[in-house]
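Below: the structure, in structure tokens.
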Protein chains: 2
Amino acid sequence: MEFKEAKNKFVQTWGALGSQWGINKTMAQIHALLMVSHEAVSMEDIMEELQISRGNASMNLRALMDWGIVYKEYKAGERREFFTAEKDLDELAVKISRERSKREIKPALKVLKEVSAITSDNTAEEKHFVDQTTKLYDFVLKADNMLDKITEYKDNWLAKLVVKIMK
Amino acid sequence: MEFKEAKNKFVQTWGALGSQWGINKTMAQIHALLMVSHEAVSMEDIMEELQISRGNASMNLRALMDWGIVYKEYKAGERREFFTAEKDLDELAVKISRERSKREIKPALKVLKEVSAITSDNTAEEKHFVDQTTKLYDFVLKADNMLDKITEYKDNWLAKLVVKIMK
DNA sequence: ATAAACTTTCATTTTTTTTTGAAAATTTAA
DNA sequence: TTAAATTTTCAAAAAAAAATGAAAGTTTAT
């Protein structure tokens with residue numbers, strides 16, 4: 001396999017993986033492209049490589065920057081903007097975890113807390129509901145706290161965690 | 001908040017959370033519904049509660065069973081089938097991890113291995129590509145192995161892990 | 001200030017995903 | 001068997017999500 005083919009395969013695969021995890025395909029593809037680019041890439045070049053429109057590129061770059069995993073870069077004497085991806089994988093994982101926690105898990109926790117707090121009339125049905133949603137709340141809270149902890153480790157948390165887990 | 005309202009809110013929220021993680025909304029809703037039901041539910045009742053068609057219910061129940069997190073149940077003297085969800089949350093997490101690993105992570109790993117194995121002509125560009133995809137392969141492999149380990153713990157892995165992490 | 005270079009926005013179109021529902025298949029009871 | 005009850009399948013329709021592209025907005029150089 002030659003370089004161009006490999007690069008393309010990587011970008012396509014990363015895009016598909018993104019879709020399966022609720023991230024829009026183009027967004028994941030742009031991210032993939034930037035991750036394997038040794039230098040910052042212009043919007044024009046992204047459009048060209050991925051065959052997408054200006055609007056699409058602009059919107060998804062914005063989203064990636066909102067996630068904190070893509071940065072704008074200015075080159076001296078160049079008017080247009082260039083983009084780079086966070087290339088440190090620990091840092092990338094930390095940022096993705098933090099965002100997903102903030103955007104998705106925390107709001108879900110809030111709802112779980114609310115619904116598990118109903119004053120049940122003690123029918124078997126209602127008791128089971130309260131019991132199950134309470135357990136779910138505790139579980140998700142623990143998982144989310146774990147993410148927070150991992151986030152604090154920051155450098156090389158994954159390797160450290162693996163060592164711990166493997167004993 | 002009363003029971004019916006709480007139940008509905010939970011089902012809607014679980015559905016929305018599913019979508020954000022690449023799981024079809026109805027599938028997540030059916031799962032939510034079964035999780036908080038104290039006894040097995042018929043397809044008819046699922047259709048009724050979620051206001052969905054027979055085909056939709058049938059297909060998503062099948063998908064949930066393929067994931068191994070919903071079971072069919074037969075009641076004596078009853079012709080139709082009833083469904084229950086895996087209610088143990090550790091078991092649920094383990095099954096979801098295993099499936100996502102098998103369906104999504106393992107194939108992605110295979111591609112990462114392939115593309116990182118190109119014989120580079122040692123341009124800076126190609127060197128960076130090989131370097132980055134190799135790092136990504138190692139990272140994803142480690143993360144995936146961690147999931148495997150967690151899976152082995154099976155009972156109460158999350159609590160144990162939290163204890164470890166918190167030191 | 002003007003205008004060229006470039007980016008963002010958003011109504012419209014396109015694509016993708018999900019849902020429907022009716023026909024086919026299956027299962028069970030008589 | 002036959003037929004009633006139930007489930008599955010899948011082509012077509014609907015809904016949701018993503019992409020386009022041109023106009024509006026910004027920025028920078030002169």
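Chain A is the first sequence line, chain B the second, and so forth, proteins listed ahead of strands; every chain is numbered from 1.
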Using whole Å, report how far [atom1] of [X] lies from [atom2] of [N].
X        : N       : atom1 : atom2 : answer
Asp66(B) : dT8(D)  : CG    : C1'   : 13 Å
Arg62(A) : dC10(C) : CZ    : P     : 11 Å
Met59(B) : dT18(C) : CE    : C1'   : 9 Å
Leu50(A) : dT20(D) : CG    : P     : 10 Å
Gln51(A) : dT15(C) : CD    : C1'   : 17 Å
Arg54(B) : dC10(D) : CZ    : P     : 18 Å
Glu78(B) : dA4(D)  : CD    : P     : 20 Å
Met47(B) : dT20(C) : CE    : P     : 9 Å

Determine the contact category for [X]: base if any of its heavy atoms lies under 4.0 Å from a base atom, sugar-phosphate if only primed atoms, P, OP1 or OP2 are that close, otherwise nothing.
X        : answer
Arg80(A) : sugar-phosphate
Glu44(B) : nothing
Asn24(A) : sugar-phosphate

When the nearest nucleotide of DNA chain D is assigned to Met27(A) and to Gly55(B) on a heavy-atom basis, which residue is associated with the more 5' position?
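Its nearest nucleotide being more 5', the pick is Gly55(B).
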On the six-membered ring of Tyr137(B), is Lys113(B) placed so that its NZ or CZ lies under 6.0 angstrom from the centre and within 45° of the ring axis?
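Geometry flag: not set, cation outside 6.0 Å or 45°.
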If you pin Ile52(B) and Ser19(A) to their nearest nucleotides in DNA chain C, which one's is more 5'?
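Per heavy-atom nearest nucleotide, the more 5' residue is Ser19(A).
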Any [X] side-chain nitrogen or oxygen under 4.0 Å from OP1 or OP2 of [N]:
X        : N       : value
Lys25(A) : dT17(C) : no
Thr26(B) : dT19(C) : yes
Lys72(A) : dC6(C)  : no

For Lys95(A), is the NZ atom crowded, meaning more than 12 foreign heavy atoms sit under 6.0 Å from it?
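Yes - once you tally the heavy atoms of other residues, nucleotides and ligands closer than 6.0 Å, there are more than 12.
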Linked, directly or transitively: Phe82(B) and Met27(B) (ILVMFWY side chains, under 4.5 Å):
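No, Phe82(B) and Met27(B) fall in different hydrophobic clusters.
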Using the side-chain heavy atoms of Ser53(B), tell me which of these nucleotides is nearest: dT28(D), dG21(C), dG21(D).
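That would be dG21(C).
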Taking the side chain of Asn60(A) as its heavy atoms from C-beta onward, which of dA19(D), dT7(D), dT20(C) lies nearest to it?
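When the side chain of Asn60(A) is considered, dA19(D) is the closest of dA19(D), dT7(D), dT20(C).
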Donor/acceptor link under 3.5 angstrom from Arg79(B) side chain onto base of dA29(C)
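No pair found.
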Only one of Lys106(A), Arg100(A), Lys102(A) passes salt bridge (charged side-chain N to carboxylate O under 4.0 Å, His left out) with Asp144(A); say which it is.
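Among Lys106(A), Arg100(A), Lys102(A), the one meeting salt bridge (charged side-chain N to carboxylate O under 4.0 Å, His left out) with Asp144(A) is Lys106(A).
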Evaluate the ring planes of His38(A) and His128(B), with Trp represented by its six-membered ring, and classify them as parallel (under 30°), tilted (30 to 60°) or perpendicular (over 60°).
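Tilted, since the angle between the ring planes falls between 30° and 60°.
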